[in-house]
Amino acid sequence: DATLKSDKNKRFYKSIVQRKFIKNKQLQLQLSDVNKYLQCETARDFDFYSFLSNQVIECASSYLFYKWYLKQRRFKSILSYCYYNNSTMALFKAANELKIPTIEYQHSQVTSNHFAYSNWGNSIANSTTLFPSKIWVWRDSDVLFLKKEFSALPNIQILKGGNVFISQF
């Protein structure tokens, strides 16, 4: 059964990542430092370390699983409505590395108030694989805005396709 095979592979990749994480003392130290900083800044006795560690492990194992799965299924493209969560970024990283086009269908207007679409500068220059290869937006102004905000990633194509739902009426 395909579902059982997928579940088995998810567990397999997670075990690989967990073993690597346990051996990576530098990453553990960095996460510990982030944990201390967040605890000081929020004045909360919350274990950010466990949360952050689990996020790193989940994201890395999801990436490995998606890479395996995409190779098995031979997808021609990947369409998503939201690139900025760990699971979708892992999927996009795997797909982009396999040269499978990744498209984000913009689910709203794009403005400078949105953390995922503004104020990137050059901080993302080495992160090409985490982003969609194409972003489908609603308006000409969205195209101009995103071309400016993602200028450090010149390979991302910003396409004006309009709002598919509204165009049905």
Side-chain angles (χ1 to χ4, degrees), residues 6-70 78-98 100 102-138 141-142 144-156 158:
S6 291
D7 288 343
K8 184 178 178 182
N9 278 294
K10 285 179 189 175
R11 288 191 303 275
F12 170 73
Y13 289 121
K14 188 169 185 174
S15 70
I16 289 172
V17 172
Q18 286 172 324
R19 284 194 300 274
K20 285 184 177 185
F21 181 83
I22 289 168
K23 293 178 183 178
N24 192 335
K25 300 303 179 192
Q26 181 180 0
L27 177 58
Q28 291 176 34
L29 182 60
Q30 289 172 330
L31 291 177
S32 180
D33 289 344
V34 171
N35 179 50
K36 290 173 189 169
Y37 171 79
L38 291 172
Q39 285 178 331
C40 287
E41 288 298 311
T42 61
R44 293 189 178 164
D45 187 23
F46 180 77
D47 183 15
F48 290 103
Y49 181 84
S50 293
F51 172 78
L52 294 170
S53 299
N54 287 332
Q55 292 300 304
V56 167
I57 290 167
E58 284 298 321
C59 191
S61 59
S62 292
Y63 156 74
L64 293 173
F65 170 76
Y66 287 139
K67 196 161 186 182
W68 167 81
Y69 188 79
L70 293 172
I78 304 294
L79 177 67
S80 176
Y81 72 94
C82 178
Y83 84 86
Y84 51 90
N85 66 54
N86 289 346
S87 182
T88 305
M89 286 181 140
L91 174 62
F92 280 6
K93 179 176 174 53
N96 286 329
E97 287 179 2
L98 295 170
I100 299 170
T102 53
I103 305 135
E104 181 195 54
Y105 173 74
Q106 187 53 48
H107 53 282
S108 181
Q109 295 177 353
V110 182
T111 69
S112 61
N113 295 327
H114 198 296
F115 72 93
Y117 300 100
S118 62
N119 300 313
W120 283 111
N122 287 325
S123 64
I124 57 172
N126 295 322
S127 306
T128 304
T129 59
L130 298 174
F131 293 92
S133 56
K134 299 175 181 152
I135 302 176
W136 173 314
V137 298
W138 295 2
S141 60
D142 296 333
L144 295 173
F145 178 77
L146 289 180
K147 281 186 177 185
K148 181 181 92 129
E149 294 301 317
F150 285 96
S151 63
L153 300 175
N155 293 335
I156 292 181
I158 313 297

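Residue numbers start at 1 and run along the sequence shown. Note that the structure is a prediction, hence the values are computed from the model and not measured.
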### Query
Does the pair Y117 and Q106 meet the rule for a side-chain contact (heavy atoms from CB on, under 4.5 Å), with working shown?
CA-CA 11 Å; Y117 300 100; Q106 187 53 48; 3.4 Å; yes
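- Atoms CG and CD, on N54 and Q18 in that order, are 8.5 Å from each other to the nearest 0.5 Å.
- Annotation: the span from L146 atom CG to E104 atom CD amounts to 8.5 Å, rounded to 0.5 Å.
- Every residue two or more places apart in sequence or in another chain that forms a salt bridge (charged side-chain N to carboxylate O under 4.0 Å, His left out) with K93 is listed here: E97.
- A pairwise comparison of heavy atoms in I158 and K147 identifies CG1-CG, 3.9 Å as the closest pair.
- Separation of atoms CG (L27) and CD1 (I22) is listed at 12.0 Å; rounding is to 0.5 Å.
- The two residues A95 and I78 have their closest heavy-atom pair at CB-CG1, 3.9 Å.
- The side-chain heavy atoms of Y105 and W138, taken from C-beta on, include a pair separated by under 4.5 Å.
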For residues 32-40, which side-chain N or O atoms pair as donor and acceptor with protein atoms under 3.5 Å away, sequence neighbours left out?
unit_1	atom_1	unit_2	atom_2	d
N35	OD1	F48	N	2.9
N35	OD1	Y49	N	3.1
Q39	NE2	F46	O	2.7

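- For the pair N96 and S133, the tightest heavy-atom approach, listed with the atom from each and the gap, is OD1-CB, 4.0 Å.
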### Query
Should L70 and L91 be marked as a side-chain contact (heavy atoms from CB on, under 4.5 Å) after you check the CA-CA gap, both sets of side-chain angles, and the distance that decides it?
CA-CA 9 Å; L70 293 172; L91 174 62; 4.0 Å; yes
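- Between the side chain of S61 and the backbone N or O of E58 there is at least one donor-acceptor pair closer than 3.5 Å.
- Counting heavy atoms of neighbouring residues, nucleotides and ligands inside a 6.0 Å radius, atom OH of Y84 exceeds 12 of them.
- Contact check for S112 versus N119: no side-chain heavy atoms found under the 4.5 Å cut-off.
- Put simply, the side chain of Q55 reaches to within 4.5 Å of the side chain of N86, judged on heavy atoms.
- Partners of F12 according to the ring pair (Phe, Tyr, Trp, His ring centres under 6.0 Å) rule, which considers only residues two or more places apart in sequence or in another chain, do not exist here.
- In this structure, S80 and T88 approach most closely via the heavy-atom pair OG-CG2, 3.6 Å.
- Between the CG atom of L29 and the CG atom of N24 there is a distance of 10.0 Å, given to the nearest 0.5 Å.
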### Message
Please determine whether side-chain contact (heavy atoms from CB on, under 4.5 Å) holds for the pair F150 and I135, giving the CA-CA distance in whole Å, both sets of side-chain angles, and the decisive distance to 0.1 Å.
### Response
CA-CA 11 Å; F150 285 96; I135 302 176; 4.3 Å; yes
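- Atoms SG and CE, from C82 and M89 in turn, are 9.5 Å apart once rounded to the nearest 0.5 Å.
- No side-chain heavy atom of K148 sits less than 4.5 Å from a side-chain heavy atom of L144.
- Residues passing the ring pair (Phe, Tyr, Trp, His ring centres under 6.0 Å) test with Y69, sequence neighbours excluded: F65.
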### Query
Between F21 and L31, does a side-chain contact (heavy atoms from CB on, under 4.5 Å) hold up when you go through it step by step?
CA-CA 11 Å; F21 181 83; L31 291 177; 3.7 Å; yes
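- When the salt bridge (charged side-chain N to carboxylate O under 4.0 Å, His left out) test is applied to K10, no partner is found at least two apart in sequence or on another chain.
- Residues passing the ring pair (Phe, Tyr, Trp, His ring centres under 6.0 Å) test with Y66: none are found, sequence neighbours excluded.
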